[in-house]
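Numbers here are sequence positions counted from 1. Read the numbers this way: they start at 1 and go in the same order the structure lists the ligands and their atoms.
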Amino acid sequence: MLYNVYVSAQPMLFDLEPLVAVPRSVGQALVTKRRVSQILTKATGMLKSLDFTLNPYVGCSFACSYCYAAFFQPDEVKVRDWGYWVEVKENALELLRRESRLAGSHVMVGSVTDPYQPLERTTGLTRSLMEYMASVRPQPRIRIQTRSPIVVRDIDVLLRFEKLTVGMSVTTDDDATRKRYEPSCASIEQRLKAVRALADAGVRVTLSLAPLLPITDIARLAEMIRESGAERFWTGYFHPGTRKFAAGTRENALVLAKEDGWNLEAYIETVTRLKKLVPELVSRDFE
Ligand code: SF4
């Protein structure tokens, strides 16, 4: 069964309208339901300081050109079409309720999907998982990673957690650049407004300038960071290279980066200048 990803409605679990045509354009994705065997995945690699990752969806309609999450898919067609399909884990809440390892653990929500991608407005799936986790004792410690202002909808739930941080990705200071690399994502202004709303409500926010894309005005970016309301800031270059990064959506970003003269040296030079203005900025690549 296929569904339209952009049904605008109040949160309502799985009340999706069937879609006949197969969309393959910016901002649209095929949505299907899927039953999974587990909802918490042991955190490894760069996330090994956490206990688990939790991804309410498989796939992501944000379709960022540089997204490495695509390569976790075993199916080559899904890697190729990354960004144009999403699977809703329909039994996610049922599995989470049965999960004995959740209490007191450290969980990242959204390691290989955006938990607040547009579909979340309709399904409310991430919200339902967050509501349940807020009720667990001892409470899990939560890190959410998103680039979507829709997270603001759940401020009331986020405030129920004793330890929770929202990581908001803002990858450039220039919306023209943002549109080239992340055409389906919210504007920089909308994301910064979301950061401000979260911070003003008392939710801890980390600004993730990763992967950092070409910057037009470093002083403007520094000001943006400082005035955002976020408590912490970190940056990183494109995901460390592996054999897999030579193909698929990742290649799209590399083509754009080549056109822009954006490489590791340019990144290091930019971050070095940026750190003079924002010394608290942490870079994972060269310190
Ligand atoms: S929002 Fe995250 S998971 Fe979704 S396409 Fe972009 S980088 Fe990938």
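For Y267 and S283, the side-chain atoms include at least one donor-acceptor pair closer than 3.5 Å. Between the side chains of Q145 and S169, at least one donor N or O sits under 3.5 Å from an acceptor N or O. With hydrogens and angles left out, the side-chain atoms of S105 and D51 include no donor and acceptor closer than 3.5 Å.
Put simply, the residue from C67, S148, C185 that forms a side-chain contact (heavy atoms from CB on, under 4.5 Å) with D114 is S148. Among the candidates R178, R220, R191, the single residue satisfying the salt bridge (Lys or Arg N to Asp or Glu O under 4.0 Å) test with D173 is R220.
Only the backbone of T113 comes within contact range of ligand 1, with a heavy atom under 4.0 Å; no side-chain atom does.
The atoms of ligand 1 that sit less than 4.0 Å from any heavy atom of W82 are 5 (S).
In this pair, Y66 and F238 present their aromatic rings tilted. The plane angle is within the 30 to 60° band.
Other residues, nucleotides and ligands place more than 12 heavy atoms under 6.0 Å from the CZ atom of R101.
Protein atoms of type N/O/S that fall under 2.8 Å from atom 6 (Fe) of ligand 1 number 1 in this view.
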